[in-house]
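To start, the structure under review is shown below, and the notes come after it.
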Amino acid sequence: MTPSLTIDAQHRQETRGLWLGFVGVFVFALTLPMTRLATGTADAPMLSPWFVTWGRAALAGCLSIIYLLATRSPLPRPEHRGPLALSLLGNAIGYPLLLGWALREVTASHAAVITALLPLATAAAAAWLMHQRARLGFWLFAALGSALVAVYSLLRAHQQGHGFGLSHADLLLLGAVLAASVGYVAGAKVTPTLGAERVISWVCVMALPLTLPGAWLTWPEQPVALSAWLALGYVGVFSMWAGFFAWFRGLALGGALRVSQMQLLQPFISMVAAVPLLGESLDGMTLVFALGVVATVFMGRRMAAPKRKGSGE
């Protein structure tokens, strides 16, 4: 094979990785408006956040059984179970449950600003749980991003007549970010041995003893709009399961450093999608703070890795 053909093949692979990464980010970005569509608002509730949490993970768990059997995946070893259980608590239960309750009170656009901190929170959790050292600049940008989110929350609360204070929904959203970041890092610990797709599949399968009875016990007693059921199907099939396949495959093909920058688009996709899906409107303050948080995420991620010796970085 000639060098030019090798370069072309590598370029096509990287391009495919970028597109798969974008598909993954697009899928995850719709999680916010779809979750709000499923749960409804405090004034017009649809499915309970408890039921959405159990139902989406149960649906993903059933699909995961099919995938694991089809690929003849081996059972996780005993040393894998602890990280998988922590990922289960963070990604399958903690994040969707806290997010669901928060989205009953705030718009998807509002939530997109707060959850834009997730990449920085994940890097911070990796530094803490996996003992990965980060540069001082990373922590400075992490603090700046957190400060921007706090200011946004305070200003929004003041606009709504609640005074200057963090709202209950914002505390739930910050808890969701913390739960997801710890869950991601725990899953990353066993990804090298299990493979990324198997990690999320085993997490969903391990959750079934909780999610199946949980979904049955919280099944809605009143009729619910078809749109809420369709939104639940989306977060169960795509947000909780299929999106990870595209995302992880994109990272592998296109390179983690390049493809991961696609995450910077996620809050803006969430905001734009909320307009036709939920009838929300975009306001200048939300866009400005979203841009600010994304800028801190971009700079913080560039400084997440420790400085190499002998390098000019």
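As the structure is a computational prediction, the values presented were derived from the model and not from experiment.
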Open item on the list: The criterion is ring pair (Phe, Tyr, Trp, His ring centres under 6.0 Å); which residues satisfy it with Phe268, sequence neighbours excluded?
Closed with: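 Checked Phe268 against ring pair (Phe, Tyr, Trp, His ring centres under 6.0 Å); zero matches.
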
Is there a path of hydrophobic side-chain contacts, each under 4.5 Å between heavy atoms, that joins [X] and [Y]?
| X | Y | answer |
| --- | --- | --- |
| Phe26 | Val272 | no |
| Val151 | Val294 | yes |
| Leu155 | Leu174 | yes |
| Val288 | Val275 | no |

Open item on the list: Determine whether Val27 and Tyr234 satisfy the following criterion, side-chain contact (heavy atoms from CB on, under 4.5 Å), listing intermediate values before the conclusion.
Closed with: CA-CA 9 Å; Val27 166; Tyr234 178 90; 3.7 Å; yes

Between [X] and [Y], is any pair of side-chain heavy atoms under 4.5 Å apart?
| X | Y | result |
| --- | --- | --- |
| Val293 | Tyr152 | no |
| Leu99 | Leu173 | yes |
| Asp170 | Ile114 | yes |
| Phe248 | Val199 | no |
| Leu226 | Leu230 | yes |
| Leu265 | Phe22 | yes |
| Leu84 | Leu194 | yes |
| Ser201 | Phe245 | yes |

- [ ] Would you please name every residue forming a side chain to side chain donor-acceptor pair (under 3.5 Å) with Thr35, sequence neighbours left out?
- [x]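 Thr35 satisfies side chain to side chain donor-acceptor pair (under 3.5 Å) with no other residue.
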
TODO: With sequence neighbours excluded, tell me which residues meet side chain to side chain donor-acceptor pair (under 3.5 Å) with Ser281.
DONE: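 For Ser281, no residue satisfies side chain to side chain donor-acceptor pair (under 3.5 Å) once neighbours in sequence are set aside.
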
Determine the minimum heavy-atom distance between [X] and [Y], stating which atoms define it.
| X | Y | result |
| --- | --- | --- |
| Leu32 | Ala111 | CD1-C, 4.1 Å |
| Ala290 | Met271 | CB-CE, 3.3 Å |
| Ala246 | Val23 | CB-CG1, 4.1 Å |
| Pro96 | Gly90 | CD-O, 4.5 Å |
| Val185 | Ala125 | CG2-CB, 3.7 Å |
| Gly183 | Asn91 | C-OD1, 3.0 Å |

Side chains of residues 206-219: which donor-acceptor partners sit under 3.5 Å, not counting sequence neighbours?
from: Thr211; atom 1: OG1; to: Ala207; atom 2: O; distance (Å): 3.2
from: Thr218; atom 1: OG1; to: Gly214; atom 2: O; distance (Å): 2.7

Open item on the list: Tell me which pairs pass salt bridge (Lys or Arg N to Asp or Glu O under 4.0 Å) where either residue lies in residues 73-89, with sequence neighbours left out.
Closed with: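 For residues 73-89: Arg77-Glu79.
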
Task: With Phe244, the ring pair (Phe, Tyr, Trp, His ring centres under 6.0 Å) member among Trp202, Phe28, Phe238 - done: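 Only one of Trp202, Phe28, Phe238 forms a ring pair (Phe, Tyr, Trp, His ring centres under 6.0 Å) with Phe244, namely Phe28.
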
Once you round to the nearest 0.5 Å, how far does [atom1] of [X] lie from [atom2] of [Y]?
| X | Y | atom1 | atom2 | result |
| --- | --- | --- | --- | --- |
| Leu291 | Leu148 | CG | CG | 11.0 Å |
| Leu140 | Thr296 | CG | OG1 | 12.0 Å |
| Ile93 | Leu98 | CD1 | CG | 11.0 Å |
| Arg36 | Thr39 | CZ | OG1 | 7.0 Å |
| Leu278 | Leu103 | CG | CG | 9.0 Å |
| Ile200 | Ser87 | CD1 | OG | 6.0 Å |

Check: [X] side chain, [Y] main-chain N or O, donor-acceptor pair, under 3.5 Å:
| X | Y | answer |
| --- | --- | --- |
| Ser270 | Gln266 | yes |
| Glu105 | His168 | no |
| Arg104 | Pro45 | no |
| Gln263 | Pro119 | no |

N/O donor-acceptor pairs under 3.5 Å from side chains in residues 51-76, not counting sequence neighbours:
from: Thr53; atom 1: OG1; to: Pro49; atom 2: O; distance (Å): 2.8
from: Thr53; atom 1: OG1; to: Leu97; atom 2: N; distance (Å): 3.3
from: Ser64; atom 1: OG; to: Ala60; atom 2: O; distance (Å): 2.7
from: Ser64; atom 1: OG; to: Trp241; atom 2: NE1; distance (Å): 3.0
from: Thr71; atom 1: OG1; to: Tyr67; atom 2: O; distance (Å): 2.8
from: Thr71; atom 1: OG1; to: Leu68; atom 2: O; distance (Å): 3.4
from: Thr71; atom 1: OG1; to: Ser73; atom 2: OG; distance (Å): 2.7
from: Ser73; atom 1: OG; to: Arg198; atom 2: NE; distance (Å): 2.7

Task: Over 12 non-hydrogen atoms of neighbours within 6.0 angstrom of CH2 in Trp229 - done: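 Buried by this count: over 12 neighbours within 6.0 Å.
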
